[in-house]
K.L.:
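Let me begin by handing over the structure; questions about it come next.
When a ligand or atom number is given, it counts from 1 through the structure's own listing order. On a predicted model such as this, the values are computed, not experimentally measured, just so you know.
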Amino acid sequence: MNDLLPQRTATWSRLEAKAAELAELRGYWPVVTPVVEPTELFTRAVGAGTDVVEKEMYTFEDRGGRSLTLRPEATASVVRAYFEGGLHDGPQPVRLRYLGPMFRHDRPQAGRYRQFFQFGVEAIGEAAPGLDVEVIELAYAWLAAIGVPGVSLQVNSIGDEVCRPAYREALRDHFRPHLAEMCEDCRRRFEVNPLRLLDCKKPSCVPFQAGAPSPVDHLCEPCRAHHQAVLAGLRALAIPFEQNPRLVRGLDYYTRTAFELWSTDLDGAQNALGGGGRYDGLAKELGFADTPGIGFAMGMERAHLALQRAGQEDVAPVPDVFVIPAAPGSDEAAQRVAADLRGAALRTVVSFGERSLKASMRAAQKSGAACVVILGEQELAAGEAAVRNMATGEQERVALGALAPVVADRVDAALAAAAAGEGGLERESPAGARASAAMPDAPAAANAAGQPSVGGGAKRMGSAAR
Ligand code: HAM
């Protein structure tokens with residue numbers, strides 16, 4: 001389980017903001033469900049024979065003797081909430097999104113953690129293939145918008161309760177002669193869920209997967225038509241995909257469409273950036289009315305890791321203005337000045353504490369602030385402050401009453417000067433990252449190239465607001 005410190009939260013915040021923006025554009029509203037649920041919800045939804053339920057859940061008894069589990073995923077909870085909250089009574093489908101922590105007691109490695117965050121959506125109450133396309137497109141659009149390179153969309157259909165029983169038998173017929181040479185997990189999967197035999201990564205088992213019957217060859221007519229409509233929809237949107245007959249997903253609730261988004265650049269790490277699919281049988285399995293649904297979940301850490309490996313991490317934002325209360329007893333004046341500047345949407349920090357002016361100026365420089373406002377004894381006595389443009393070194397005295405518009409102007413001038421290569425504002429930020437005046441959602445390429453990315457397309461927070 002990880003701490004996320006400011007060095008990483010700049011990128012993280014951008015991923016969150018893009019998820020909210022793109023989901024909202026498509027009508028997906030936030031849903032928040034508890035991180036703890038009755039264990040039974042997951043054993044029924046995810047499936048008793050899955051790795052997640054058998055090996056990875058954090059399950060405990062509460063003080064009332066009930067078995068509870070830290071959620072390993074959110075689809076089951078969202079479907080539960082959809083019914084318990086009465087959303088099934090309103091217009092359908094209901095489009096929901098979430099972003100939050102999930103818990104799986106798996107062996108930690110790069111890209112695999114015991115607490116990890118998912119951005120996910122669920123569209124519940126409609127079986128039409130257009131919704132599959134909508135959901136897949138959203139996942140794809142998010143990865144494109146945040147700039148993850150080398151994304152490969154893998155699509156499959158694993159049929160439904162009509163055609164899957166015969167397909168399971170076809171799979172058993174294929175694997176039966178090799179069972180003695182396969183791993184223990186696969187021998188168990190042979191009985192409980194032979195689809196998972198397609199998905200084992202162990203060298204002992206992989207060779208026997210060659211020539212295994214493909215699920216798309218065993219689809220019933222309605223499933224086949226649904227699958228074709230999904231593929232046609234993806235083609236219509238010019239979303240590139242690969243049909244992958246081996247893709248079966250690790251959770252039992254899927255029917256028909258199953259998909260994953262892989263990173264071709266995450267060698268040696270877990271390469272699935274996200275995945276999802278239809279779960280038309282899940283509501284009924286949980287004891288609710290038979291209701292179709294489809295969704296996905298994207299791994300936030302994995303998306304972040306892919307950006308990190310591509311050198312596309314964002315830098316922590318820096319203040320616009322650094323206020324130095326240099327006169328004895330000038331802290332309160334500094335608070336008032338800072339409040340004024342923040343009212344003008346300037347990111348402002350105050351240098352509190354006993355420090356020489358020289359030490360404060362060093363701190364100001366390190367902070368990367370574009371402007372410094374110094375409240376010295378002489379200035380305060382005259383009702384003024386000294387304003388220093390940190391890019392050009394120019395300093396002037398400004399009446400306290402007129403400070404905000406002048407400082408805003410000088411901040412813009414400093415950023416423009418820095419952008420033109422006149423004087424550098426790039427500093428080592430307190431977070432340890434290379435800091436610039438770029439906002440978290442500034443074009444990442446500028447930062448990746450190690451160029452000062454101030455000014456240009458990267459507007460500081462305040463300029464639009466003013
Ligand atoms: P999942 O494939 O189990 O699907 O997880 C989705 C994504 O979560 C994975 O592709 C991966 O990026 C990330 N993830 C999973 N486990 C870990 C881990 N231990 N550490 C880091 N990241 C991880 C689901 O959870 C389904 N609920 C998706 C869904 C929604 N299907 C329909 N609706």
Side-chain angles (χ1 to χ4, degrees), residues 1-2 4 12 15 19 23 28 31 33 37 41-42 45-47 50-53 55-58 70-82 93-124 131-132 134-136 138-140 142-143 146 148 151-156 158 196 199 247-263 266 269-283 285 292-307:
M1 300 189 188
N2 298 307
L4 271 173
W12 191 269
L15 304 194
Y28 288 76
V31 62
T33 61
E37 296 272 3
L41 179 72
F42 302 116
V46 174
T50 58
D51 283 355
V52 168
V53 167
K55 305 179 186 168
E56 298 170 7
M57 294 206 305
Y58 281 92
L70 294 183
R71 64 179 182 193
E73 63 107 52
T75 307
S77 310
V78 172
V79 169
R80 178 194 56 64
Y82 163 91
V94 173
R95 293 176 167 90
L96 301 167
R97 71 168 196 266
Y98 51 87
L99 199 154
M102 311 293 156
F103 305 85
R104 295 184 194 175
H105 192 279
D106 208 342
R107 203 150 28 95
Q109 53 180 272
R112 199 205 275 158
Y113 314 102
R114 291 181 171 174
Q115 175 181 276
F116 58 97
F117 284 71
Q118 287 183 342
F119 154 47
V121 306
E122 312 294 346
I124 309 174
L131 211 54
D132 305 36
E134 175 182 295
V135 161
I136 295 172
L138 172 51
Y140 193 79
W142 181 69
L143 290 172
I146 62 175
V148 174
V151 172
S152 163
L153 169 61
Q154 307 280 312
V155 187
N156 196 15
I158 55 172
R196 298 300 319 281
D199 183 45
L247 185 78
V248 291
R249 309 274 301 130
L251 314 166
D252 275 357
Y253 49 62
Y254 291 108
T255 51
R256 296 190 166 173
T257 307
F259 65 95
E260 286 186 356
L261 290 133
W262 293 353
S263 161
L266 281 188
Q270 304 291 304
N271 74 343
L273 296 163
R278 249 193 193 282
Y279 44 84
D280 294 348
L282 174 58
E285 188 63 40
I294 176 156
F296 68 71
M298 310 298 294
M300 290 287 287
E301 287 82 356
R302 289 194 194 169
H304 193 161
L305 189 62
L307 289 175

K.L.:
Look at atom 19 (N) of ligand 1 and find which of Tyr98, Phe117, Tyr113 reaches it with the closest heavy atom.
P.N.:
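Looking at heavy atoms only, Tyr113 sits closest to atom 19 (N) of ligand 1.
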K.L.:
To the nearest 0.5 angstrom, please state how far the CG atom of Leu305 sits from the CG atom of Asn271.
P.N.:
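The CG atom of Leu305 sits 11.5 Å away from the CG atom of Asn271.
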K.L.:
So, is Glu73 polar-close to ligand 1, with some N/O to N/O distance under 3.5 Å?
P.N.:
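Yes; the residue has a nitrogen or oxygen that sits under 3.5 Å from a nitrogen or oxygen of the ligand.
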K.L.:
Closer than 4.0 Å to some heavy atom of Gly111 - which atoms of ligand 1 meet that?
P.N.:
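So the atoms of ligand 1 that pass are 20 (N), 21 (C), 22 (N).
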K.L.:
Determine the sole option in Tyr98, Tyr82, Tyr28 for which the side-chain hydrogen bond (donor to acceptor under 3.5 Å, both in side chains) test with Glu122 is passed.
P.N.:
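One option only clears the test, and that one is Tyr98.
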K.L.:
Determine whether Arg80 and Glu37 make a side-chain contact, defined as any pair of heavy atoms from C-beta on separated by less than 4.5 Å.
P.N.:
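In short, these two side chains touch, coming nearer than 4.5 Å.
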K.L.:
Ignoring angles and geometry beyond distance, decide whether Asp106 reaches within less than 3.5 Å of ligand 1 through its nitrogen or oxygen atoms.
P.N.:
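Checking ligand 1 against Asp106, no N or O pair falls under 3.5 Å apart.
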K.L.:
Does at least one non-hydrogen atom of Gly120 fall below 4.0 angstrom from an atom of ligand 1?
P.N.:
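No.
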K.L.:
Nearest to atom 8 (O) of ligand 1, what protein heavy atom do you find, and at what distance?
P.N.:
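I find the closest protein heavy atom is Gln118 NE2, 3.1 Å.
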K.L.:
Provide, to 0.1 Å, the distance between atom 12 (O) of ligand 1 and the closest protein heavy atom, together with that atom's residue and name.
P.N.:
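Minimum-distance protein heavy atom for atom 12 (O) of ligand 1 reads Ala272 O, 2.9 Å.
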K.L.:
Regarding Glu73 and Gln118, is there a side-chain donor-to-acceptor distance under 3.5 Å anywhere?
P.N.:
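Per modelled atom types, Glu73 and Gln118 side chains form no pair under 3.5 Å.
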K.L.:
Could you tell me whether Pro72 and ligand 1 have an N or O pair separated by under 3.5 Å?
P.N.:
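There is no such contact.
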K.L.:
Compute the shortest N/O to N/O distance between Leu273 and ligand 1 and return yes if it is under 3.5 Å, no if not.
P.N.:
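Right, the criterion is met.
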K.L.:
Taking the non-hydrogen atoms of Pro108, is any one of them nearer than 4.0 angstrom to ligand 1?
P.N.:
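No heavy atom of Pro108 comes that close to ligand 1.
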K.L.:
Have Thr257 and Asp132 got a donor and an acceptor in their side chains that come within less than 3.5 Å?
P.N.:
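Indeed, the side chains of Thr257 and Asp132 share at least one donor-acceptor pair under 3.5 Å.
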K.L.:
Please classify the Glu260 to ligand 1 contact at 4.0 Å (heavy-atom distances, strictly less than): side chain, backbone, both or neither.
P.N.:
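For Glu260, there is no contact with ligand 1 at all, from either part.
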K.L.:
Should the ring pair Trp12 and His304 be called parallel, tilted or perpendicular, given that the plane angle runs from 0 to 90° and is split at 30 and 60?
P.N.:
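Ring orientation of Trp12 relative to His304: tilted.
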K.L.:
As an exercise, state the distance from CZ of Arg256 to CD1 of Ile294, rounded to the nearest 0.5 Å.
P.N.:
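Rounded to the nearest 0.5 Å, the CZ-CD1 separation comes to 11.0 Å.
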K.L.:
What's the shortest distance from atom 10 (O) of ligand 1 to any protein heavy atom, and which residue and atom give it?
P.N.:
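For atom 10 (O) of ligand 1, the nearest protein heavy atom comes out as Gly274 CA, 3.2 Å.
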K.L.:
Tell me which one of Tyr279, Tyr254, Trp262 gets a heavy atom nearest to atom 28 (C) of ligand 1.
P.N.:
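Answer by nearest heavy atom: Tyr254.
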K.L.:
Between Val155 and Leu153, which heavy-atom pair has the shortest distance, and what is it?
P.N.:
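Result for this residue pair: CG2-CG, 3.8 Å.
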K.L.:
Among all protein heavy atoms, pick the one closest to atom 24 (C) of ligand 1 and tell me residue, atom and distance.
P.N.:
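The answer is Leu251 CD1, 3.5 Å.
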K.L.:
Got the closest protein heavy atom to atom 33 (N) of ligand 1, with its distance?
P.N.:
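Protein heavy atom at minimum distance: Glu122 OE1, 2.8 Å.
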K.L.:
Answer yes or no for Glu301: is there a heavy-atom contact with ligand 1 below 4.0 Å?
P.N.:
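The answer is no, since Glu301 has no heavy atom less than 4.0 Å from ligand 1.
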K.L.:
So, Arg114 and Glu56, do they make that salt bridge, N to O below 4.0 Å?
P.N.:
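So Arg114 does not pair with Glu56 through a salt bridge.
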K.L.:
Do Tyr279 and Thr255 pair up side chain to side chain, a donor and an acceptor below 3.5 Å, judged on atom types alone?
P.N.:
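No, because no side-chain N or O of Tyr279 sits under 3.5 Å from a partner of the opposite role on Thr255.
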K.L.:
Can you tell me how far apart CG (Asp106) and CD (Gln270) are? Round to the nearest 0.5 Å.
P.N.:
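Here the rounded value is 7.5 Å.
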K.L.:
Considering only protein heavy atoms, which is closest to atom 11 (C) of ligand 1, and at what distance to one decimal place?
P.N.:
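The protein heavy atom lying closest is Arg302 NH1, 3.4 Å.
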K.L.:
Determine whether the aromatic ring centres of Phe116 and Phe103 lie less than 6.0 Å apart.
P.N.:
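Distance test on ring centres: not under 6.0 Å, no.
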K.L.:
Tell me, which protein residue and heavy-atom name are nearest atom 23 (C) of ligand 1, and how many Å apart are they?
P.N.:
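Going by distance alone, atom 23 (C) of ligand 1 is nearest to Phe116 CD1, 3.3 Å.
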K.L.:
Enter the distance from Leu273:CG to Glu301:CD here, rounded to the nearest 0.5 Å.
P.N.:
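Result: 12.0 Å between the selected atoms.
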K.L.:
Could you list the atoms of ligand 1 found under 4.0 angstrom from a heavy atom of Gly276?
P.N.:
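What qualifies from ligand 1 is 31 (N).
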K.L.:
What's the shortest distance from atom 13 (C) of ligand 1 to any protein heavy atom, and which residue and atom give it?
P.N.:
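Checking every protein heavy atom, the shortest distance to atom 13 (C) of ligand 1 gives Gly299 CA, 3.7 Å.
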K.L.:
Strictly under 4.0 Å, does any heavy atom of Arg249 approach an atom of ligand 1?
P.N.:
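For ligand 1, residue contact (heavy atoms, under 4.0 Å) with Arg249 is present.
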K.L.:
Mark up the atoms of ligand 1 that fall under 4.0 Å of a heavy atom belonging to Gly295, in ascending order.
P.N.:
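Those of ligand 1 that fall under 4.0 Å from Gly295 are 30 (C), 31 (N), 32 (C), 33 (N).
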K.L.:
Report the part of Arg104 in contact with ligand 1, treating N, CA, C, O as backbone and CB onward as side chain, heavy atoms under 4.0 Å; options are side chain, backbone, both, neither.
P.N.:
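For Arg104, the contact with ligand 1 is made by the side chain alone.
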K.L.:
To the nearest 0.5 angstrom, please state how far the OH atom of Tyr254 sits from the CG atom of Asp280.
P.N.:
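Atom-to-atom, Tyr254:OH and Asp280:CG are 12.5 Å apart.
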